[in-house]
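To start, the structure under review is shown below, and the notes come after it.
No experiment lies behind these values; they were computed from the predicted model shown.
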Amino acid sequence: MSLWAAILVAAAIAYALKLVGYLVPGHLLEGARTKRLTAALPIALLAALIATQTFVTDGAVVLDARAAAVAVAAVALLLRAPFILVVVLGAATAAGLRLLGWAS
Amino acid sequence: MTEALDPGVRRAVIRAALSVGVATGAYGVSFGALAVAAGLDVWQTCAMSLLMFTGGSQFAFIGIIGTGLAAAPAAIAASSLLGVRNGFYALELTQLLAVRGWRRPAAAHVTIDESTAVAVTQQDIRASRLGFWVTGVTIFLLWNLTTLIGALIGNALGDPRSWGLDGAASAAFVGLLWPRLRSGDAVAMAVVAGVVAVVLSPALPPGLPVLLAALAVLLRWRR
């Protein structure tokens, strides 16, 4: 599968998911359990993505500058920093530690 | 619909919608730069923001596809699973907005976290509709503009690691997850998902551990 094909397929599915909510009768999908699982899904996916993006390189578990970036991001969020600042601090932490030679 | 919306309410809704829009638009720079760092070209990066237009899914897609094209099915699956919530937003919005004709596919495209949040928090149905459209359209314009800017910056930067862009990607995901960690259960789910994903990573192709971690959480918290 080419990168373009993957992008177009993912975009088509994303749009179809939005549109289907306007087209299907609502009572088919309502219910406390469905609601709870819908809320759980993003939490699980985002947490799993953070973990793999931070601690995995080419299938190996590693601890490097990315872990420090995540720690700094969490502290910034605790202090109610805006999203863009959190991202910039994450980049600065990883770049700074590598520049100083303190982490790979 | 006979009475016009109170001008004070109208101004407040537009102000709320625009401030949410501007704040979200700023994420676009990070998305653009990180997408290029993950191996997309500028056109592909812009196509994602134009056509997919749902931030969490876009970040997830580039996070997984960055490990190589072999992970494409997992990247599509992860971005789609994250997109499921937009369908539920649409379900809530369909009566509130009462959209018909060409407006329906347009409303669907801008049905995201922020436009839904602004719409459902208004007291008046006309304020809800105004809030939905102003937020949705503002974010759409700014998200695409800032994605392009970010992609051009990312292109100019060169080696993404020396600029800490991998750290920025992780930080961006923490920022997306943070507002959802409002209960002890949510934190427990996040920890379980993270641990499962890392433990499975050495044994499985990239992307798959993320999907299995999500499945583990759904099975554990299904009741």
- Which portion of B:Phe53 sits near chain A, non-hydrogen atoms under 4.5 angstrom: both
- Message: So for B:Ser57, is it side chain, backbone, both, or neither that comes closer than 4.5 Å to the heavy atoms of chain A?
- Response: neither
- Query: Shortest non-hydrogen contact from B:Ile65 to A:Ala6?
  - Reply: CD1-CB, 4.4 Å
- Message: Are more than 12 heavy atoms, taken from residues, nucleotides or ligands other than A:Trp4, located less than 6.0 Å from that residue's CH2 atom?
- Response: yes
- Query: Side chain, backbone, both or neither: which part of B:Val99 has an atom under 4.5 Å from a heavy atom of chain A?
  - Reply: side chain
- Message: Looking at every non-hydrogen atom in both residues, tell me the closest pair between B:Met189 and A:Ala40 and how far apart they are.
- Response: SD-CB, 3.7 Å
- Query: Are the charged groups of B:Asp166 and A:Arg98 less than 4.0 angstrom apart, N to O?
  - Reply: yes
- Note on the structure: Interface check, chain A: of B:Ala107, B:Ser162, B:Ala47, most non-hydrogen pairs under 4.5 Å belong to B:Ala107
- Query: For the side chain of A:Arg66 and the backbone of B:Ser170, is there at least one donor-acceptor N/O pair under 3.5 Å apart?
  - Reply: no
- Check whether any side-chain N or O of A:Lys18 sits under 3.5 Å from a backbone N or O of B:His109 as a donor-acceptor pair, and report yes or no. yes
- Closest non-hydrogen contact found for A:Leu17 with B:Gly83 is CD1-C, 3.7 Å
- Message: Please classify the contact of B:Trp178 with chain A as side chain, backbone, both or neither, using a heavy-atom distance under 4.5 Å.
- Response: side chain
- Check whether A:Pro82 gets within reach of chain B through its side chain, its backbone, both or neither, counting any heavy atom under 4.5 Å. neither
- Message: Just so I understand: if I count every heavy-atom pair under 4.5 Å between each of A:Ala69, A:Ala94, A:Ala95, A:Ala91 and chain B, which residue has the most?
- Response: A:Ala91
- Okay, A:Ala74 and chain B: the region with an atom under 4.5 Å from a heavy atom over there is both
- Under 4.5 Å, counting heavy-atom pairs only, tell me which of B:Pro202, B:Pro205, B:Gly164 racks up the most with chain A. B:Gly164
- Note on the structure: Ranking A:Val86, A:Ile13, A:Ile7 by heavy-atom pairs under 4.5 Å to chain B gives rank one to A:Ile7
- Query: Looking only at heavy atoms, what is the nearest atom pair of A:Leu19 and B:Pro105, with distance?
  - Reply: CD1-CA, 4.1 Å
- Which members of residues 47-57 of chain A, sorted by number, sit under 4.5 angstrom from chain B on a heavy-atom basis? A:Ala47, A:Ala48, A:Leu49, A:Ile50, A:Ala51, A:Thr52, A:Gln53, A:Thr54, A:Phe55, A:Val56
- Within the distance-only criterion (no hydrogens, no angle test), does the side chain of A:Tyr22 pair as donor or acceptor with the backbone N or O of B:Leu93 below 3.5 angstrom? no
- For B:Ala203, is it the side chain, the backbone, both, or neither that has a heavy atom closer than 4.5 Å to a heavy atom of chain A? neither
- Message: Between A:Ala60 and chain B, with a heavy-atom cut-off of 4.5 Å, which part of the residue counts as in contact: side chain, backbone, both or neither?
- Response: neither
- Message: Out of A:Leu3, A:Leu41, A:Ile84, A:Val61, return the one with the most heavy atom pairs under 4.5 angstrom to chain B.
- Response: A:Leu3
- Query: Which heavy-atom pair separates A:Phe83 from B:Ser30 by the least distance, and what is that distance?
  - Reply: CE2-OG, 4.0 Å
- Closest-packed option against chain A by number of heavy-atom pairs under 4.5 Å, given B:Ala197, B:Ala60, B:Ala168, B:Ala72: B:Ala168
- Task: Under 4.5 Å, counting heavy-atom pairs only, tell me which of B:Ala75, B:Ser80, B:Ser79 racks up the most with chain A.
- Result: B:Ser80
- Query: Non-hydrogen atoms of chain B under 4.5 Å away: do they reach the side chain of A:Leu23, the backbone, both or neither?
  - Reply: side chain
- Query: Which region of B:Tyr27, side chain (C-beta onward) or backbone (N, CA, C, O), has a non-hydrogen atom less than 4.5 Å from a non-hydrogen atom of chain A, or is it both or neither?
  - Reply: both
- Which bit of A:Leu8 is near chain B, if near means a heavy-atom gap under 4.5 Å: side chain, backbone, both or neither? side chain
- Task: Quick one: which of B:Ile112, B:Leu82, B:Asp41, B:Leu51 has the most heavy-atom pairs under 4.5 Å with chain A, could you say?
- Result: B:Leu82
- Note on the structure: Highest number of heavy-atom pairs under 4.5 Å with chain B among A:Ala76, A:Ala81, A:Gly96, A:Ala44 belongs to A:Ala44
- Message: Quick check: under 4.5 Å, non-hydrogen atoms only, which of residues 212-221 of chain B neighbour chain A?
- Response: B:Ala213, B:Ala214, B:Val217, B:Leu218, B:Trp221
- Message: If I measure from the heavy atoms of chain A, does B:Pro206 come under 4.5 Å with its side chain, its backbone, both, or neither?
- Response: neither
- Item | Heavy-atom side-chain contact between B:Val210 and A:Leu45 under 4.5 Å | yes
- Top contributor to chain B interface from A:Asp58, A:Val9, A:Val20, A:Leu46 [non-hydrogen pairs under 4.5 Å]: A:Leu46
- B:Leu40 versus chain A, the contacting section by heavy-atom distance below 4.5 Å: both
- Message: With a 6.0 Å cut-off (strictly less than), is the heavy-atom count around CH2 of B:Trp133, excluding the residue itself, greater than 12?
- Response: yes
- Task: Report yes or no: does B:Arg85 contribute a side-chain atom to a donor-acceptor pair with the main-chain N or O of A:Ala39 at less than 3.5 Å?
- Result: no
- Item | Largest heavy-atom contact set with chain A, pairs under 4.5 Å, which of B:Arg104, B:Glu92, B:Gln95, B:Met48 | B:Arg104
